[in-house]
Amino acid sequence: MPELPEVETVRRTLKTLVLGKMITDVHVYWSNCVITQDFEKKIIGQWIHDILRYGKYLVFVLDHHVMISHLRMEGKYYLHQKRLPSNHEHVVFDLNTQESLTYHDTRKFGKFELIDKNIYLDVPPLSLLGKEPKDTDPLTLYKRLKQKTIPVKMALLDQHLIAGLGNIYVDETLFRAGIHPEKKCHRLTKKDVNHIIYHAINVLSYATELGGSTIRTYHATHGVDGKFQNELKVHTKKDIPCEICHTPIIKIKVGGRGTYVCPTCQKK
DNA sequence: ACCACCTCCTGATCGC
DNA sequence: TGCGATCAGGAGGTGG
């Protein structure tokens, strides 16, 4: 499940592979993953000038549009010589170099959208996206959380409040901050929120440095594997002793999400 | 505004 | 061993 560090790794890899190339043809094999009408007609003939990232969204900057791509759980890109599509390849972009950029997504959850280049930051989904932890003002976040009764983990997964965290890095952030994922938002202190932001920034930047995490079925473009899974302290660590207090890590459900927590170090 | 719940999907895993 | 049921989950939508 790609989160900010994994998407950033994909962005950097893809930039080296497709910048300055033109999309000569597009094949959509699973139409539900494309939101835009006449997607193929609009995108053919445009050049790829840049690839940006906002939270977990990839933004391909073209001549007239941006193509917003969200990988959701299992989306992956591959660049290869033109060939027949294989299983789970739902969108194929033919390039002017005789290569194809292929989008592969087993669960078909990823989405593509074309938006006018001049307005894409002013319309959903990007207009609704919260700031990334490094740009988040602690007091502003504290005030918004103060009005909420949901568990802090659910708030941190809400991309409108803060962008980039997913299930893995929320668990890791809350462990490092010593806060229980079920703690209600309105009970968080300013100090709690400061700790959360501080550790979120650290976890995300360190994970990005290591190329993200490679767990379950996720890996970045071209078989690039991340190394941050070796740094995980709670996520996937059920029954393993906490490295601080040696209490076994437990797995619980918070808002329906599998959640790993040290029942001793993390306070409600 | 807030929040709980549903939907989309497939493959892995669980339980009888 | 086999096979149906359950689980996993990011974000958008719905309805209370």
Side-chain angles (χ1 to χ4, degrees), chain A residues 1-8 10-11 28-36 53-59 68-76 85-91 103-113 115 120 123-133 140-174 181-188 200 204 207 212-220 229 232 234-239 251-261:
Chain A
M1 58 216 79
E3 304 178 30
L4 188 154
E6 291 77 23
V7 178
E8 177 62 16
V10 171
R11 184 187 78 86
V28 177
Y29 298 104
W30 181 254
S31 58
N32 288 359
C33 68
V34 173
I35 295 168
T36 308
R53 182 190 54 73
Y54 294 88
K56 307 177 200 172
Y57 292 89
L58 281 172
V59 176
I68 299 183
S69 162
H70 198 300
L71 307 172
R72 296 292 182 96
M73 254 76 77
E74 300 193 10
K76 301 167 192 68
S86 55
N87 202 17
H88 304 308
E89 295 183 350
H90 307 309
V91 184
Y103 178 72
H104 180 291
D105 187 347
T106 308
R107 287 190 203 171
K108 300 180 174 173
F109 272 17
K111 296 287 180 215
F112 291 86
E113 187 171 5
I115 300 184
Y120 73 97
V123 297
L126 298 186
S127 64
L128 301 175
L129 194 62
K131 292 180 175 175
E132 294 181 10
T140 305
L141 182 61
Y142 169 77
K143 286 175 181 167
R144 291 192 71 180
L145 293 176
K146 199 78 190 156
Q147 311 172 113
K148 294 185 169 291
T149 55
I150 54 173
V152 59
K153 172 165 180 174
M154 297 316 294
L156 297 179
L157 288 173
D158 182 346
Q159 304 298 301
H160 306 114
L161 288 171
I162 189 165
L165 295 167
N167 209 33
I168 300 171
Y169 297 113
V170 165
D171 283 2
E172 293 300 311
T173 295
L174 288 172
E182 288 177 318
K183 183 163 181 174
K184 304 291 190 209
C185 287
H186 66 275
R187 296 196 53 251
L188 292 168
L204 292 178
S213 301
T214 303
I215 70 169
R216 292 175 189 260
T217 58
Y218 176 74
H219 60 97
Q229 67 274 14
L232 298 176
V234 284
H235 199 84
T236 71
K237 303 298 183 186
K238 182 177 177 333
D239 298 331
K251 184 180 183 185
I252 60 174
K253 286 249 184 196
V254 180
R257 302 287 184 239
T259 299
Y260 297 86
V261 52

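Please read these numbers as outputs of a predicted model, since none were measured by experiment. Residue numbers begin at 1 in each chain, while the letters A, B, ... track the order of the sequences.
The side-chain hydrogen bond (donor to acceptor under 3.5 Å, both in side chains) search around A/R53 returns A/E8, A/E132, not counting sequence neighbours. Applying the side-chain contact (heavy atoms from CB on, under 4.5 Å) criterion to A/T106, with sequence neighbours excluded, gives A/E74, A/H88, A/H104. Partners of A/K56 under the salt bridge (charged side-chain N to carboxylate O under 4.0 Å, His left out) rule, at least two apart in sequence or in another chain, do not exist in this structure. Here A/T140 pairs with A/D137 under the side-chain hydrogen bond (donor to acceptor under 3.5 Å, both in side chains) rule; sequence neighbours left out. Take A/S86 and apply the side-chain contact (heavy atoms from CB on, under 4.5 Å) test, not counting sequence neighbours, and it matches A/R83, A/E89. Residues that satisfy the side-chain contact (heavy atoms from CB on, under 4.5 Å) test with A/R72, not counting sequence neighbours, are A/H70, A/F109, A/K111. Legend: residues meeting side-chain hydrogen bond (donor to acceptor under 3.5 Å, both in side chains) with A/K108, ordered by chain and number and at least two apart, are absent. Here A/H186 pairs with nothing under the side-chain hydrogen bond (donor to acceptor under 3.5 Å, both in side chains) rule; sequence neighbours left out.
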Which atom pairs link the protein and nucleotides 8-10 of chain B when you take only N or O atoms and keep those under 3.5 Å?
residue: B/dC9; atom: OP1; partner: A/N32; partner atom: ND2; Å: 2.6
residue: B/dC9; atom: O4'; partner: A/R107; partner atom: O; Å: 3.4
residue: B/dT10; atom: OP1; partner: A/K108; partner atom: NZ; Å: 2.7

Restricting both atoms to N or O, compile the protein contacts to nucleotides 3-6 of chain B shorter than 3.5 Å, with distance only.
residue: B/dC3; atom: OP1; partner: A/T149; partner atom: N; Å: 2.4
residue: B/dC3; atom: OP1; partner: A/T149; partner atom: OG1; Å: 2.6
residue: B/dC3; atom: OP2; partner: A/K148; partner atom: NZ; Å: 3.4

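Rounded to an integer number of Å, the gap from CG of A/L145 to P of B/dA1 is 16 Å. Separating the NZ atom of A/K76 from the P atom of B/dG11 is a distance of 12 Å, rounded to the nearest angstrom.
Rounded to 10 degrees, the angle separating the terminal helix axes of the helix from B/dC2-C/dG16 to B/dC16-C/dG2, each built from five base pairs, is 60°.
Sequence neighbours left out, not one pair with a member in residues 141-164 of chain A passes ring-ring contact (aromatic ring centres under 6.0 Å, His included).
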